[in-house]
Amino acid sequence: MSFTYFLKRAAFAALALAALMTSAFFLVRLTGDPVNLYLPVDASDAAREAMRIRLGLDRSLPAQFFDWAWDILSLDFGMSLWHNRPAMDVVLEALPNTLALGAIALALAFTAAIVMGSIAAVNAGGWIDRGVNVLSQAAASVPDFWLGLMGVLLFAVTFRILPTSGFGGPIYWVLPVACLFARPFGTLVQIVRGSMIEALNATFVRTARAKGARDGRVTFVHALRNALLPAVTVTGDLAAQFAGGGGVVEVVFGFPGIGKLLIDGILKRDFAIVQASIFAVAVVIFVINILVDMLYASIDPRVRVE
Amino acid sequence: MKKITGIHALSMGLAMSLAASAAIPAPAATDKLTVVVTDEPKSLDPCDTDLSGNSRILHNNITEALVNLSPKDGSVVPSLATSWRQVDNLTWEFKLREGVTFHDGKAFDTNAVIAALKRAQDPALGCEVGVATLKGLKLNAEAVNPTTLLIKTDVVEPILPNKMSALDIGSPATPGDTKTRTPAGTGPYKLVAWTPGQSVGLVAYEGYWGDKPAIPNATIIWRAESAVRAAMVDTGEAQIAYEIAPQDGTTGQDHAFPNAETSLLRIDAQIAPLNDKRVREALNLAIDRDGLIGTIFHKDAQKAMQVVPPSVFGFNPDIPVWTYDPEKAKSLLAAAKADGVPVDKEIVIYGRIGIYPNSSESLEAIQAMLADAGFNARLEMLETSPWLKRLLKPWSKDRQPSILQTQIDNAEGDAVFTLPNRFTTDGNQSTITDAGLDKLIADGSKATGDERKKLFQQAFKYIAVDTVNIAPLFHMVTIARVAKNVNYTPDVQAGNEIKLKSISYR
C-alpha cells in the first residue's frame with residue numbers, strides 16, 4: 001500500500017466523517033429537547049428556559065452548528081450533560097473495552113469458523129456437514145439478549161461458574177464474549193463452507209492433487225487461502241459493526257463499553273456523548289477498513305491496493 | 001508436537017471451568033454490602049437529591065439534611081437540626097446539632113447550611129432541589145450563632161421543614177460555581193470512589209455523630225436488566241437488588257413495598273370527546289382494575305381513587321374507587337353520542353416505555369378494555385423524551401384527544417408536592433383550567449393543620465369526582481430482592497433512599 005493511497009483514503013474518510021458528523025448533529029437534535037429530561041417535571045418554565053440558555057439551545061440551529069463545528073476542529077466535543085465531564089474523556093474510557101471485547105469475540109469466531117467451515121466443506125453432504133449447518137444457522141439467528149439472559153441463568157445462577165455481569169478480570173468477559181461470538185461465528189461458518197466447497201472443486205486444487213500434494217496441504221494451504229478472501233471481507237464488515245459496540249450485550253452485562261454508552265446517550269439526549277461516540281467509532285471503522293485492505297492484499301497477491 | 005486428543009481437550013475444559021469457578025466472587029463477607037440499582041447516578045452533588053438515582057446514594061448515607069420525614073406518617077423528625085419553630089409567618093428558626101463534622105474535617109454549623117441553601121438556589125448551577133422542591137420560594141438564611149439559624153421566606157410557607165428535608169448539606173468546601181462529583185457530607189458513610197460506568201464505593205465514617213452503621217463497606221452498582229439484578233442476589237454478587245419486575249420477583253426473598261407512587265391516566269379534558277364528563281366517566285368505568293391487579297400489576301398494589309396514597313397529608317378517604325361497569329360505560333357513551341359528542345373520534349393513549357414494570361402490557365390491556373366499551377383508542381408507546389413533550393406544556397391547540405399514562409410520586413408527604421403543577425391553570429402539566437380549583441389549591445398551600453387537610457381533601461375530590469379529570473389506577477409497589485442473610489425491610493422511602501445504616505447481616 002503506497003503512502004499516496006493512504007492519503008487518498010484519509011481524504012475520503014475525512015469527507016465522509018464531516019458528512020456523518022453533520023448528520024449526527026442535526027439528527028440527534030431532531031429527537032427532542034434534553035432540557036425536559038434533565039430537570040424534574042415540577043421545574044418551572046423559567047428554570048427550563050435558563051437551562052436552555054446555559055446549554056446554548058436557545059440559539060438558532062445554524063448558530064449552534066457553526067460553533068459546534070468550530071469546536072470539533074480542535075477535537076472539543078463539549079461536556080456530557082449526564083456525566084458532567086468532557087464527552088471525549090468518557091468515550092475514550094469506554095472505547096478500549098468495546099474494542100477488546102469485539103476483537104476477542106471476532107478472533108475466536110473467525111478461527112472457529114475456519115475450522116468448522118473447512119471440516120464441513122471437506123465432508124460436504126455428510127452428517128458432519130449437516131450438523132455444522134444446523135449449529136451455524138442457529139448461532140447466526142439467536143438474539144443476543146436472549147442468549148445473554150440464558151447464559152446468566154445457566155452459568156451464573158445454576159452452575160455458579162461465571163459471574164452474572166460486571167467488569168473486571170477475564171472471568172467477567174466470558175459471557176459477553178460468548179454472546180458476541182455467536183452471530184459472526186454462524187455467519188462465517190456458512191461463508192467459509194461455501195467458498196471452500198467451491199475452492200476444493202477448482203482446477204488449481206485438482207492440479208495440486210494430481211501433483212501428489214497431501215489432502216491436508218491441499219485443504220488448508222491451497223484451497224483455504226483462496227476461500228479466505230470472502231471470509232476476510234465479511235469479518236471486516238463485522239469488525240466495523242463491533243466497533244460500535246454490542247449494545248444489547250453490553251447493557252445486559254453492565255459492560256462499560258461504547259455500545260452501552262451510545263444507547264444511554266441517545267436515551268438521555270446527551271448530545272455531546274452521542275456525537276463524540278459516533279466520531280470515535282467512525283475513526284475506528286476507517287482504521288479497520290485500511291487494515292482489512294492490507295490483510296486482503298497479503299492473502300491474495302493478485303489484489304493490489306492502489 | 002503432541003496432539004491434543006478429545007480426553008485432553010475435555011480435561012483442559014474442566015480445568016478451565018474449575019479455575020473459573022475459583023475466580024467467582026464468593027458471597028460477600030459480612031463487612032461488605034453490595035446493592036444493585038437500575039441506573040448510574042447523574043451526579044453526586046448534594047443539591048441534586050431531587051433525583052431518586054442520586055438521592056439513593058447520597059441521602060442519609062453521604063449527606064444529610066436538617067430534618068427527615070418519618071416513613072411511618074410523614075411527620076418531620078430531627079436530623080442535623082435538633083428542633084425548629086415558626087417565629088412568625090415568614091420566619092423559621094432551626095437549632096443545629098452540635099459536634100458534627102463533615103468528612104473533609106470541616107465543622108457543621110450555620111454557615112454550612114447558609115452556603116448549601118445559597119448553592120441550591122443559584123440558577124447558574126441548576127440544582128434539582130432548587131428547581132423542584134424549593135421552586136418559587138425565596139429563602140434568606142441568617143446565622144444567629146453557630147447553632148441557631150433563621151430562614152426567612154418571601155411568602156407564607158407553613159411546611160418549610162418538610163421542604164428542608166430535601167436539601168442535603170454538603171461541606172462548605174463544595175465548589176460554589178460547579179457541581180461536584182466528590183461530595184463530602186456529614187453522613188454515616190463517606191465516598192471512596194465513583195468509577196464511571198461501574199460502581200460507587202462507600203466506607204463508614206469514623207467521626208459520624210449518630211449510631212455507627214453495622215456494615216463498614218458498601219458498594220452500589222447498576223444493571224439495566226431486572227432478571228440480571230435478581231440473579232445477582234442469588235449468586236451472592238449483590239445483597240439487595242431494587243426494582244425487580246413482577247415476573248422476576250416471585251421468590252420468598254422478594255419484598256414488595258409501597259413506593260409512594262400512584263399510577264394513573266391523565267385525561268386531556270379540553271379536547272372533544274373527552275371534554276364531555278360522561279365520556280370521562282365511561283372511560284373510568286371501562287377499566288377492569290381488579291383484572292389488572294395480581295396479573296400485570298403486582299398483587300400488593302392498591303386500587304387508587306386519587307393521585308396520592310393514604311400516607312400523604314390531604315388524602316381524602318371518602319372518594320369511592322371506580323367500579324368496573326362496561327355496560328354503564330356503553331350507555332354513557334351512547335347518551336353522549338345522542339347529544340352530538342363525537343365519541344367515535346380516535347383517542348390516543350400515550351404510554352411511556354418502562355415507566356413501571358409491564359407499562360406497555362398494562363396499556364395494551366386497557367386499550368382492549370376501552371375498545372370493548374366502545375371507545376376508538378389507539379396506543380402509542382413513547383420513550384421518555386417524547387413522552388415528556390406530551391406531559392409538559394405547551395401543547396398544540398389542534399392536538400388529538402388523548403389520555404396519558406403517568407405515575408405521580410409523593411414521598412414528601414404533603415399534597416402541595418402533587419397538586420399545583422398538575423391541576424392548576426398555571427401548572428406545567430395541568431389539563432384543567434378552573435379558577436375554583438386554583439383557589440382551593442392556593443388556599444390549601446398557605447393553610448395549616450385541619451384547615452389545610454380539609455382544603456386539599458376538597459381539591460382531590462373535585463379532581464377525581466366532580467371533574468373526573470383522571471383515571472386513577474393503583475398505589476404502586478416496588479419489589480426489592482434481599483439476600484437471606486441480610487436484615488433489611490424496605491419502607492415507603494426506599495424508592496428514594498437506601499438506608500444503608502439500617503442494614504445488617506443476620
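In the text below, chain A, chain B and the rest are named by the order of the sequence lines, each starting its count at 1. A quick note: this is a predicted structure, and the numbers were derived from the prediction, not measured.
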Is chain A contacted by the side chain of [X], its backbone, both, or neither, given a heavy-atom distance below 4.5 Å?
{"X": "B:Ala227", "value": "side chain"}
{"X": "B:Asp48", "value": "neither"}
{"X": "B:Leu391", "value": "side chain"}
{"X": "B:Glu128", "value": "both"}
{"X": "B:Pro41", "value": "backbone"}

Look at A:Arg160 together with B:Asp234 and state whether they make a salt bridge at an N to O cut-off of under 4.0 Å.
no
Nearest heavy-atom neighbours spanning B:Ala124 and A:Arg54:
O-CD, 3.4 Å
Minimal non-hydrogen separation, B:Asn428 against A:Arg48, with atom names
ND2-NH2, 3.5 Å
Chain B contact residues among residues 37-45 of chain A, heavy-atom distance under 4.5 Å:
A:Leu37, A:Tyr38, A:Leu39, A:Pro40, A:Val41, A:Asp42, A:Ala43, A:Ser44, A:Asp45
Among residues 90-102 of chain A, residues within the sub-4.5 Å heavy-atom range of chain B, in order of number, are A:Glu93
Identify which of [options] forms the greatest number of heavy-atom pairs closer than 4.5 Å to chain A.
{"options": "B:Ile221, B:Asp426, B:Asn421", "value": "B:Asn421"}
{"options": "B:Pro420, B:Ala132, B:Ala231", "value": "B:Ala231"}
{"options": "B:Met232, B:Arg181, B:Glu225", "value": "B:Arg181"}

Structural part of A:Asp33 lying under 4.5 Å from a heavy atom of chain B:
backbone
Under 4.5 Å from any heavy atom of chain B, what part of A:Val157 do you find: side chain, backbone, both or neither?
both
Contact leader toward chain B among [options], where contacts are heavy-atom pairs under 4.5 Å:
{"options": "A:Leu261, A:Asp264, A:Asn36", "value": "A:Asn36"}
{"options": "A:Gly169, A:Ala47, A:Gly166", "value": "A:Gly166"}
{"options": "A:Leu81, A:Val252, A:Ile53", "value": "A:Val252"}

Answer yes or no: does atom CZ of A:Phe145 have more than 12 heavy-atom neighbours from other residues, nucleotides or ligands under 6.0 Å?
no
Interatomic distance, A:Ile161 atom CD1 to B:Thr235 atom OG1 [nearest 0.5 angstrom]
13.0 Å
From B:Lys42 NZ over to A:His83 NE2, what is the distance, rounded to the nearest 0.5 angstrom?
11.5 Å
Quick one: does any side-chain atom of B:Glu237 pair with a main-chain N or O of A:Thr164 as donor and acceptor, under 3.5 Å?
yes
Name all residues meeting the disulfide bond (SG atoms under 2.5 Å apart) criterion together with B:Cys127; count only those two or more places apart in sequence or in a different chain, and write none if there are none.
B:Cys47
What parts of residues 380-390 of chain B touch chain A if we use heavy atoms and a cut-off under 4.5 Å?
B:Glu383, B:Thr384, B:Ser385, B:Pro386, B:Leu388
